[in-house]
J.: 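Structure incoming, see below.
The analysis underlying the following values was restricted to heavy atoms, covering all of them including side chains, and did not include hydrogens, waters or symmetry mates. What you are looking at is a predicted structure, and each value in this text was computed from that prediction instead of being measured.
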Amino acid sequence: MPNIKIFSGSSHPDLSQKIAERLGQELGKVVTKKFSNQETCVEIGESVRGEDVYIVQSGCGEINDNLMELLIMINACKIASASRVTAVIPCYPYARQDKKDKSRAPISAKLVANMLSVAGADHIITMDLHASQIQGFFDIPVDNLYAEPAVLKWIKENINEWKNCTIVSPDAGGAKRLLSWFFIYQKR
């Protein structure tokens with residue numbers, strides 16, 4: 001795959017490594033450190049001029065640090081003349097703040113979308129957004145991938161009594177999605 005560079009943020013280096021291996025690529029060189037005042041510093045360690053860059057960084061764990069690191073990485077690649085920058089964000093940060101549910105409440109998911117666009121992202125790949133409406137917060141392409149089919153396939157293939165199993169979700173929306181996928185897979 002010519003003209004592709006894959007970089008890993010610090011949130012999930014193992015996932016990034018597996019993605020790179022699956023694509024037959026090596027991870028790009030990047031150094032991330034903190035200054036004494038806790039500012040994030042990112043140095044891209046190789047040329048990205050004219051390259052199609054993929055940055056894998058999740059919005060979980062130290063959410064604010066990981067988000068800032070992602071924004072800096074996107075911007076560093078963009079100003080280093082990358083042809084296109086795609087942010088691969090398995091867990092979209094601030095996704096639960098996707099609507100104005102009370103007065104003076106922010107729509108933080110929209111703010112994150114704006115920040116990613118301003119940083120220079122050309123494309124976003126994410127998974128299982130809290131609400132599909134978040135895709136509409138962007139003026140750039142967004143691919144929202146769904147884990148349910150793969151998880152339910154694994155359950156069906158690896159749990160003998162899968163028809164009698166119980167699936168638990170952290171919220172009603174997730175339970176509704178799982179129930180609909182369960183009925184689809186049960187018919188197969």
J.: Is it true that atom CD of E26 has more than 12 heavy atoms of other residues, nucleotides or ligands lying nearer than 6.0 Å?
T.: no
J.: Once rounded to the nearest 0.5 Å, what's the spacing between atom CG of D65 and atom OG of S10?
T.: 8.0 Å
J.: Quick one: are V42 and T32 in side-chain contact, heavy atoms under 4.5 Å?
T.: yes
J.: Got a donor-acceptor contact below 3.5 angstrom from the Y92 side chain to the A109 backbone?
T.: yes
J.: Would you say the side chain of F138 lies within less than 4.5 Å of the side chain of L116, judging by non-hydrogen atoms?
T.: yes
J.: Please tell me if the side chains of K5 and I44 come closer than 4.5 Å, counting only heavy atoms from C-beta onward.
T.: no
J.: If you count the non-hydrogen atoms of other residues, nucleotides and ligands that lie under 6.0 Å from NZ in K100, is the total more than 12?
T.: yes
J.: Do V142 and L111 share a hydrophobic cluster, counting only Ile, Leu, Val, Met, Phe, Trp and Tyr and linking them when any side-chain heavy atoms are less than 4.5 Å apart?
T.: yes
J.: For a side-chain contact (heavy atoms from CB on, under 4.5 Å) check, start with the C-alpha distance between C77 and I55, then their side-chain angles and the critical distance, and finish with the verdict.
T.: CA-CA 9 Å; C77 290; I55 301 171; 4.2 Å; yes
J.: Answer yes or no: are there more than 12 heavy-atom neighbours, outside K29 itself, under 6.0 Å from its atom NZ?
T.: no
J.: Side-chain contact test, heavy atoms from C-beta onward, threshold under 4.5 Å: evaluate it for T126 versus Q135 and give yes or no.
T.: no
J.: Taking a hydrophobic cluster as the set of Ile, Leu, Val, Met, Phe, Trp and Tyr residues connected by side-chain heavy atoms closer than 4.5 Å, whether directly or through intermediates, do I79 and I140 fall within one such cluster?
T.: no
J.: Counting C-beta onward and ignoring hydrogens, is there a side-chain heavy-atom pair between L15 and P90 closer than 4.5 Å?
T.: yes
J.: Of the options D14, I19, L27, which is the one that meets S8 in a side-chain contact (heavy atoms from CB on, under 4.5 Å)?
T.: L27
J.: Hey, is the main chain of F137 close enough, under 3.5 Å, to the side chain of K110 for a donor-acceptor pair?
T.: yes
J.: Side-chain contact test, heavy atoms from C-beta onward, threshold under 4.5 Å: evaluate it for M68 versus E39 and give yes or no.
T.: no
J.: Could you check whether atom CG of D139 has more than 12 heavy atoms from other residues, nucleotides or ligands sitting under 6.0 Å from it?
T.: no
J.: Can you hop from I63 to M73 via hydrophobic side chains spaced under 4.5 Å?
T.: yes
J.: To the closest 0.5 Å, what do you measure between CD (E51) and CZ (F7)?
T.: 8.5 Å
J.: Measure the spacing between SG of C60 and CG of L67 and express it to the nearest 0.5 Å.
T.: 12.0 Å
J.: Is atom CG of D101 surrounded by more than 12 heavy atoms (other residues, nucleotides or ligands) closer than 6.0 Å?
T.: yes
J.: Any idea which heavy atoms bring V112 and P93 closest together, and the distance?
T.: CG2-O, 3.9 Å
J.: Write down the atom of G120, the atom of V85, and the distance for their closest heavy-atom approach.
T.: O-CB, 4.2 Å
J.: Could you state whether I125 and L23 fall into the same hydrophobic cluster, counting links through intermediate Ile, Leu, Val, Met, Phe, Trp or Tyr residues with side-chain heavy atoms under 4.5 angstrom apart?
T.: yes
J.: Would you confirm whether D122, through its side chain, and T86, through its main-chain N or O, come within 3.5 Å as a donor-acceptor pair?
T.: no
J.: Does the side chain of V88 come within less than 4.5 Å of Q57's, by heavy atoms?
T.: no
J.: What I'd like to find out is whether the side chain of D143 reaches to under 4.5 Å of the side chain of H123, using heavy atoms alone.
T.: yes
J.: Does I6 offer a backbone N or O that forms a donor-acceptor pair with the side chain of Q25 under 3.5 Å?
T.: no
J.: Looking at A87 and I74, what are the two nearest heavy atoms and their distance?
T.: CB-CD1, 4.1 Å
J.: Would you say CD of E46 has more than 12 non-hydrogen atoms from neighbouring residues, nucleotides or ligands within 6.0 angstrom?
T.: yes
